[in-house]
Amino acid sequence: MTKRYGLMGGTFNPVHLGHLMISEYIREEMHLDEIIFIPTGNPPHKETLDAKLRYEMVKLATDENPYFSTSDIETTREYTSYTIDTIEALEKQLDGKLYFIIGSDTLFQLKTWKKKEKLLKKVEFICAIRPDYVSEQILELELKYLQDKYGAVIHIVPTPMYEVSSTDLRGRIAEGKSVKYLIPKEVIAYIEEKGLYR
């Protein structure tokens, strides 16, 4: 039987319980065998915390779930990371079918990604949609556009609400506020030990 991998990319700056909850939810809904978290190395559009620190935080956050793993495929690169490069590298490493997990905001940005034609034909996408994020009509128009123009296969998975963002968490940490119950305790300890986001 072909193994089914979910690929969860992101800056994870820092990783939080929303990332983990949505990943676990999608794993079950889509019958995936494993979720591989892939912290971005040197994202072309964002200034962010050092990639090795973010990788360590994600590894701490995912270690206790036997269905989760963390890849350093992007954090060890010395050049700008693009999703198509990661997908092609993982195809050589993994024996199975790959599904790339995105959020609803990213769905509307896919047409701006590098080598989108190749990427959208090569891998199926799983889009986590919050019930209140976008109207069904707008969503269907975007899906039809991506399918007609690029042959994209995109699975929509409505997910529970979890109102937390890495931006807000960095702000709370900088202000000395608690992030308990928002970030895994192992990651909180790591952030405190390294003095991150102060």
Side-chain angles (χ1 to χ4, degrees), residues 1-41 43 48-77 81 83 85-104 106-107 119 122-130 153-166 169 173 178-194 196:
M1 195 167 117
T2 304
K3 193 166 180 180
R4 294 158 61 89
Y5 295 94
L7 309 176
M8 182 76 169
T11 54
F12 302 113
N13 187 27
V15 62
H16 55 68
L17 292 178
H19 296 127
L20 303 175
M21 180 271 289
I22 288 170
S23 299
E24 182 69 356
Y25 190 88
I26 287 174
R27 183 186 70 76
E28 287 198 320
E29 291 295 308
M30 291 296 296
H31 309 289
L32 301 176
D33 298 296
E34 183 177 341
I35 302 282
I36 303 174
F37 287 73
I38 308 170
T40 54
T48 188
L49 189 71
D50 179 80
K52 288 178 184 166
L53 294 170
R54 291 183 289 104
Y55 169 80
E56 288 299 327
M57 287 191 284
V58 174
K59 187 142 182 24
L60 286 168
T62 57
D63 270 354
E64 73 174 35
N65 188 327
Y67 298 106
F68 287 177
S69 64
T70 305
S71 170
D72 64 358
I73 193 167
E74 291 196 0
T75 57
T76 53
R77 280 190 191 139
S81 290
T83 301
D85 303 326
T86 299
I87 295 294
E88 289 183 334
L90 287 174
E91 281 179 333
K92 294 175 185 166
Q93 293 178 15
L94 302 172
D95 183 18
K97 188 168 176 62
L98 306 181
Y99 297 85
F100 199 85
I101 301 168
I102 57 173
S104 42
T106 305
L107 176 70
L119 178 66
K122 192 175 270 294
V123 67
E124 293 184 18
F125 282 74
I126 298 172
C127 182
I129 294 279
R130 298 183 321 184
V153 177
I154 301 174
H155 306 271
I156 299 296
V157 179
T159 58
M161 297 280 286
Y162 193 89
E163 287 297 331
V164 63
S165 74
S166 295
L169 292 172
I173 295 168
S178 172
V179 289
K180 195 172 182 179
Y181 309 122
L182 299 170
I183 295 177
K185 62 183 177 185
E186 297 85 356
V187 177
I188 294 174
Y190 186 85
I191 289 170
E192 289 174 352
E193 178 194 330
K194 298 289 184 185
L196 306 179

Indicate yes or no: at least one non-hydrogen side-chain atom of [X] is less than 4.5 angstrom from one of [Y].
{"X": "Asp72", "Y": "Lys59", "result": "no"}
{"X": "Glu186", "Y": "Glu64", "result": "yes"}
{"X": "Asp85", "Y": "Arg77", "result": "yes"}
{"X": "Val123", "Y": "Phe125", "result": "yes"}
{"X": "Leu49", "Y": "Met57", "result": "yes"}
{"X": "Pro184", "Y": "Leu20", "result": "yes"}

- Query: Got a sec: does the CD of Gln93 have more than 12 other heavy atoms crowding it under 6.0 Å?
  - Reply: yes
- Atom NZ of Lys122: over 12 foreign heavy atoms under 6.0 Å: yes
Nearest 0.5 angstrom please: [X] [atom1] to [Y] [atom2], how far?
{"X": "Ile26", "Y": "His155", "atom1": "CD1", "atom2": "NE2", "value": "11.5 Å"}
{"X": "Ile22", "Y": "Leu17", "atom1": "CD1", "atom2": "CG", "value": "11.0 Å"}
{"X": "Tyr55", "Y": "Leu60", "atom1": "OH", "atom2": "CG", "value": "10.0 Å"}
{"X": "Leu32", "Y": "Lys97", "atom1": "CG", "atom2": "NZ", "value": "11.0 Å"}
{"X": "Leu182", "Y": "Ile173", "atom1": "CG", "atom2": "CD1", "value": "9.5 Å"}
{"X": "Leu7", "Y": "Leu90", "atom1": "CG", "atom2": "CG", "value": "6.0 Å"}

Considering all heavy atoms, the nearest [X]-[Y] contact:
{"X": "Ser166", "Y": "Asn13", "result": "CB-O, 3.3 Å"}
{"X": "Glu74", "Y": "Pro39", "result": "CB-O, 3.4 Å"}
{"X": "Arg4", "Y": "Met30", "result": "NH2-O, 2.7 Å"}
{"X": "Gly10", "Y": "Arg54", "result": "O-NH1, 4.5 Å"}
{"X": "Ala51", "Y": "Gly41", "result": "CB-O, 3.6 Å"}
{"X": "Val15", "Y": "Ile183", "result": "O-CG2, 3.8 Å"}

- When the ring planes of Phe37 and Phe12 are compared, do they come out parallel, tilted or perpendicular, using 30° and 60° as the limits? tilted
- Task: Ignoring hydrogens and angles, state whether a donor on the side chain of Thr62 or Thr70 is under 3.5 Å from an acceptor on the partner side chain.
- Result: yes
- Message: Between Arg27 and Glu24, does any side-chain N to carboxylate O distance fall below 4.0 Å?
- Response: yes
